[in-house]
Amino acid sequence: MVPVLRHILDARQFTRPWLEHSLFPTALRLQQTPVDQLEKALSGKRLFYLFYEASTRTRVSFEMAATLLGATVHGIDSHEQYAQEERLEDRIRVLNEYPHDFLLIRYDQEGGASRAAEVSRVPVINAGDGAGQHPTQALLDVYTLWRELGHVDGLRLALVGDLSYQRSTNSLAYLLTQFEGLHLYLVSPTLLRMRDEVREHLTSAGAVIEEVRDLREVASQVDVIYVTRAETSRLEHARRFEASAGWYTVDHDVLARLPETGRVLHPLPRGPELPPELDLDPRIACFRQAANGLYVRMALLSLLASGEA
Ligand code: CP
């Protein structure tokens with residue numbers, strides 16, 4: 001039988017049954033297993049990473065995930081190459097000539113991972129493509145909601161910052177449509193509002209969305225604040241065109257309004273939108289979120305290897 005080739009490109013490809021019956025239980029089991037007792041489910045497998053943009057969490061957690069499960073990992077980092085030096089498709093075709101089992105790609109433009117998948121005979125995993133998507137970030141974000149709050153249905157979430165060019169919030173919004181009863185506050189400058197196609201996907205799935213420009217107005221009503229890195233020049237530019245100032249930062253005032261059971265997530269790396277002096281507040285979950293990324297990526301790789309992804 002010819003195995004089905006499964007690329008990981010877009011958060012819309014995941015289903016709720018797969019999340020709840022495969023990915024989350026596998027990630028949880030791996031998280032609860034001492035490192036020296038992990039099964040080498042990827043023994044003999046080879047992962048290659050090709051990164052056109054810098055990364056700490058995605059690259060290192062995938063590398064660690066693959067290594068802990070017995071795979072070998074090689075790659076090319078963003079500082080070692082430039083996109084214009086060679087066509088992406090040519091690089092992928094060459095990497096296919098060597099016996100790799102997974103290609104992990106971060107590209108600097110939207111659509112890069114799909115272009116790679118078009119010419120790849122082995123699974124391509126989108127590790128972030130420009131302003132497009134970051135599907136494995138969304139998997140770890142939703143896993144974190146499930147771990148921290150015990151459920152995802154019915155949550156009230158504020159997605160905060162530049163919602164036009166953030167691949168993390170694009171993918172998270174798409175993945176959240178697998179759940180019911182959601183109320184999303186989209187907190188961004190008008191110029192950086194969430195793309196029409198993502199908002200339409202949310203509303204057609206039954207989510208209630210409200211666009212607001214001041215996080216302080218909704219902080220007391222939400223279970224989760226998902227704040228993204230302020231691309232300062234873009235946000236500053238957008239703010240110059242706004243009649244009145246918006247608020248896209250988590251500060252003491254916002255935390256004072258957030259319910260005691262609330263959580264603050266951030267995909268990291270962060271900027272001034274989430275000041276480190278707030279980190280002692282147990283509701284700030286961004287480092288637990290980053291830690292979860294390791295187990296979610298271990299689960300994803302092992303499910304891909306066994307044909308269950
Ligand atoms: N969240 C995230 O993608 O982080 P990196 O850029 O460090 O991979």
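Note that these values count all heavy atoms, side chains included, but never hydrogens, waters or copies made by symmetry. All ligand and atom numbering here is 1-based and tracks the order in the structure.
Comparing Arg270, Arg59, Arg106, Gln289 by heavy-atom distance to atom 6 (O) of ligand 1, the nearest is Arg106. Of the candidates Arg167, His266, His134, Arg57, the one placing a heavy atom closest to atom 3 (O) of ligand 1 is His134.
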I'd like to know whether His100 forms a ring-ring contact (aromatic ring centres under 6.0 Å, His included) with Phe48, so could you lay out the CA-CA distance, the side-chain angles of the two residues, the decisive distance to 0.1 Å, and finally the verdict.
CA-CA 7 Å; His100 296 118; Phe48 194 91; 5.0 Å; yes

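Of the residues listed (Gln31, Glu148, Gln289), the one engaging Tyr143 in a side chain to side chain donor-acceptor pair (under 3.5 Å) is Gln31, and it is the only one.
Remark: minimum distance from atom 7 (O) of ligand 1 to any protein heavy atom is reached at Thr56 N, 2.7 Å.
The aromatic ring centroids of Tyr174 and His201 lie less than 6.0 Å from each other.
Considering backbone and side-chain N/O atoms, Leu268 comes within less than 3.5 Å of an N/O atom of ligand 1.
Of the charged side-chain nitrogens involved, at least one lies within less than 4.0 Å of a carboxylate oxygen, so that Glu85 and Arg91 count as a salt-bridged pair. A salt bridge links Arg195 to Glu110: one of the charged nitrogens lies within less than 4.0 Å of a carboxylate oxygen.
The Gln137 neighbourhood of ligand 1 comprises atoms 1 (N), 2 (C), 3 (O), with distances under 4.0 Å to a heavy atom of that residue.
Contact annotation for Glu53 and ligand 1: no heavy atom of the residue comes within less than 4.0 Å of the ligand.
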